Amino acid sequence: MWTMAPMKDEAGDATAEPRATASDRVADLYARHVPATVGFAYLLTGDRAEAEDLVHEAFIHAIGRLRHIRRPDAFEAYLMRTVVNLRISRLRRLRVERRYLERERNARVAVAHPPDVEQRDEVWHALHGLPPRQRTTI
């Protein structure tokens, strides 16, 4: 996982010190933290697939903020907090959706009445009695 990159010391001599590439660091963080976090998310959701989706989304958020984490050893806590925040957001959205559906279910539906044929005929006869310009306007 770690690569050896030649570096120069103060005297200019080449030294070999391990230096992680960004992708190695992300892969290491993923391998160390995601499996346990999926278990935690499963406790929150009760659904394995939803837990995995939640953790992967949280991991992407956390990696995006990696530079801003003050203590790199706090990544696991940051990831878990992100999982909790995302779960709370999803529950809020779900609650709003349910309220909307409940309102729609209880809303009165306009009853479509069958057309009144007699009234329709009267309107047509009245329209045909108008001069052509007025009939065109209507």
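A quick note: this is a predicted structure, and the numbers were derived from the prediction, not measured. Note that these values count all heavy atoms, side chains included, but never hydrogens, waters or copies made by symmetry. We count residues from 1, following the sequence as given.
- To the nearest 0.5 Å, the span separating CZ on Arg25 from CG on Leu29 amounts to 6.0 Å.
- Inter-residue side-chain proximity for Leu86 and Thr82 is flagged as met; some heavy-atom pair is nearer than 4.5 Å.
- Put simply, the side chain of Val38 reaches to within 4.5 Å of the side chain of Arg48, judged on heavy atoms.
- A salt bridge does not link Arg99 with Glu102: none of the charged nitrogens is closer than 4.0 Å to a carboxylate oxygen.
- When the side chains of ILVMFWY residues are joined at heavy-atom separations under 4.5 Å, either directly or via intervening members, Phe59 and Tyr42 end up in two distinct hydrophobic clusters.
- Using modelled atom types and a 3.5 Å distance limit, the side chains of Tyr30 and His56 yield a donor-acceptor pair.
- Using a 4.0 Å cut-off between a side-chain N of Lys or Arg and a carboxylate O of Asp or Glu, Glu97 and Arg90 do not qualify as a salt bridge.
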Compile the donor-acceptor pairs under 3.5 Å between side chains in residues 131-138 and protein atoms, sequence neighbours left out, one pair per line.
| unit_1 | atom_1 | unit_2 | atom_2 | d |
| --- | --- | --- | --- | --- |
| Arg135 | NH1 | His128 | O | 3.3 |
| Arg135 | NH1 | Leu130 | O | 3.2 |
| Thr136 | OG1 | Pro132 | O | 2.8 |
| Thr137 | OG1 | Arg133 | O | 2.9 |

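- In the hydrophobic cluster analysis, where Ile, Leu, Val, Met, Phe, Trp and Tyr join through side-chain heavy atoms closer than 4.5 angstrom, Leu54 is grouped together with Ile88.
- Summarising the geometry, atom CZ belonging to Arg120 is positioned 10.5 Å from atom NE2 belonging to His125; distances are rounded to the nearest 0.5 Å.
- The NE2 atom of His33 lies 7.5 Å from the CG atom of Asp28; values are rounded to the nearest 0.5 Å.
- Hydrophobic clustering of Ile, Leu, Val, Met, Phe, Trp and Tyr side chains at less than 4.5 Å, counting indirect connections, unites Val26 with Met80.
- The environment of CZ in Phe40 is crowded: more than 12 heavy-atom neighbours from other residues, nucleotides or ligands sit within 6.0 Å.
- Using a 4.5 Å heavy-atom threshold, the side chains of Leu79 and Phe75 count as touching.
- Residues Leu91 and Arg95 are not in side-chain contact: their nearest non-hydrogen atoms beyond the backbone lie 4.5 Å or more apart.
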